[in-house]
Each structure stands twice: as C-alpha cells, then as structure tokens.
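Numbering of residues begins at 1 and proceeds along the displayed sequence. Order of appearance sets the numbers: ligands from 1, and atoms from 1 within every ligand. Note that the coordinates shown come from a computational prediction; the quantities given were computed from them, not determined experimentally.
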Amino acid sequence: MKERTSRIRQAVMGWLYPPVCGACDLPLETKRQLEKPFLCESCEDTLVPIGADYCQVCGQGFESKSALPFRCANCGDRELAIDFAVSAYRGSGAGKGLMHRFKYGKQRHLGRLFGVMLDEVWRDERLRGGSWWVVPVPLHPRRLRERGFNQSRELALELIRRAPAETELRLQPLLRRVRQTTRQARLDRRERLTNLADVFAARKKTPAAPDDGARILLVDDVITTGTTVSECAAALRQGLEIGRIAAVSVLRG
Ligand SMILES: [Zn+2]
Ligand SMILES: [Zn+2]
C-alpha cells in the first residue's frame with residue numbers, strides 16, 4: 001500500500017514538477033527520480049557526506065581521523081546549549097546551490113531530495129532509538145510570509161517521514177522567532193556569534209515533558225558555527241524540563 005501511495009504521490013509530483021535535476025536542470029528518468037528525487041548522477045558526485053569523522057559536539061567534519069580531538073576548533077572555546085549536532089553533507093559541490101534554490105527560488109519540492117540526504121544523520125547512534133520531539137528552527141513571521149514556507153519545517157517533516165522504525169519522531173514546533181535578524185550567511189564568524197542573542201523564545205504552551213525530560217531534535221537547513229541551534233536550545237531550556245537536545249542539518253556550512 002505504501003509503495004502504491006508513493007507512486008501516486010510521485011505521479012502527482014512529476015506532473016507538478018517535471019523531474020529535472022534541481023542543480024543543473026537535466027531531465028531525469030523515472031527510475032532515477034524514484035531513487036534520488038531531483039538530482040542527477042553527475043551533480044550527486046559533487047556531494048560529500050560528512051562521513052564517520054566529525055566533532056562529537058558540534059558536528060564539524062574532520063579531514064582525517066588522526067585529527068580527532070574530543071572538541072574541535074569551532075566549538076572548543078564556547079559553551080553550546082545543545083548536547084551535540086550532526087550534519088549530513090558538507091556545504092560544498094552542488095549542495096549549496098540546491099539549498100539556495102530551495103530557500104530563495106521557491107523550489108519547495110527540493111525538500112524531498114533533502115529528506116533523502118538527511119538519511120545520512122542516522123549513522124550517529126546517539127540519534128537512534130527512543131522518541132524525540134522534532135523542533136524546526138523557526139523563521140520570523142515576516143520572512144515566512146515572503147518565502148511562503150519555512151525550509152526547516154519542510155525538512156523536519158521529511159525527517160519524520162523517513163525515520164528509522166526504532167526511532168519515534170513527533171513534530172513539536174515549540175519555538176518562535178521574536179526578532180528579525182540579518183541573515184547569518186551574510187555575516188562573518190564573529191558577527192554570527194552575537195547576531196542571534198534573544199532571537200528565539202519558547203512558545204507559552206508546551207506539552208508535558210516525560211519524567212526523564214524531553215528529548216529534543218532541532219532541525220535546520222545548514223549548521224555553520226552552531227550558534228543558531230545553540231540559541232534555540234537555550235530558549236527551550238528556559239521553560240522546559242530537558243533530557244537531551246541534539247541538532248541535525250542537511251549541510252555543514
Ligand atoms: Zn544535475
Ligand atoms: Zn566542534
């Protein structure tokens with residue numbers, strides 16, 4: 001039944017969005033489109049998964065195993081309010097362009113491709129099993145109106161749809177963005193670290209947390225320094241009994 005539903009969905013999606021590569025516009029065969037939606041093989045070749053070697057705190061990828069300290073240069077001198085972050089792919093190759101088209105080019109259907117790319121994060125055992133409340137990084141209402149959708153929410157829905165059987169994910173949009181800010185992408189590292197103070201707040205009504213605290217999984221499109229997800233986590237910690245806060249992203253900036 002599930003297979004049939006996905007084929008019908010596929011047919012409808014194919015009608016709404018011709019199956020072409022989201023990065024280079026090459027038309028895709030049906031078989032390819034079913035396996036890796038909206039991505040041709042040569043663009044896929046440019047994508048680099050973070051793989052097995054990454055900082056166990058902020059998720060920054062390492063070039064080689066020999067450079068594996070417990071904390072890395074990105075997060076070693078900072079207190080992050082998350083327990084850990086895991087990203088799927090490096091922000092190089094076709095990844096950056098695809099994400100740009102998704103967010104700013106109204107190509108909302110690319111969320112399906114990013115959903116497939118997000119499968120990579122389940123390599124991290126700390127994420128597998130048990131139940132998580134999935135919290136998308138919110139947009140400011142004004143930006144949400146401009147864009148028409150919140151990319152992190154789309155990614156959260158895809159993550160939930162494709163989660164491994166032993167892991168229970170439930171969407172809990174517990175955060176709101178109370179201040180509009182300069183886009184992080186336009187700032188240098190130092191500016192990024194201060195741009196987001198007091199930007200996020202927890203919603204007043206939150207469901208009762210389990211006895212051992214809520215397990216929160218923040219979802220963002222790109223994690224760069226980790227400041228955004230850390231500020232989100234800090235806002236959640238103010239009003240909620242927390243068991244653990246992790247963050248995932250499609251790309252590592
Ligand atoms: Zn392509
Ligand atoms: Zn780190």
When I216 is tested against each of D83, L236, L175 for side chain to side chain contact (heavy atoms under 4.5 Å, CB included), which residue passes? L236
Degrees at the Zn ion (ligand 2) between the SG atom of C55 and the SG atom of C58, nearest 10°: 120°
State plainly whether the residues R162 and D119 are in salt-bridge range, i.e. N to O under 4.0 Å. yes
Rounded to the nearest 10 degrees, what's the angle SG of C43 makes with SG of C40 at the Zn ion (ligand 1)? Could you check? 100°
C75 SG and C72 SG subtending at the Zn ion (ligand 2) (10° steps): 120°
Ignoring hydrogens and angles, tell me if any N or O in the side chain of R177 forms a donor-acceptor pair with the backbone of P138 under 3.5 Å. yes
No-hydrogen, no-angle side-chain donor-acceptor test under 3.5 Å, D220 and S249: no
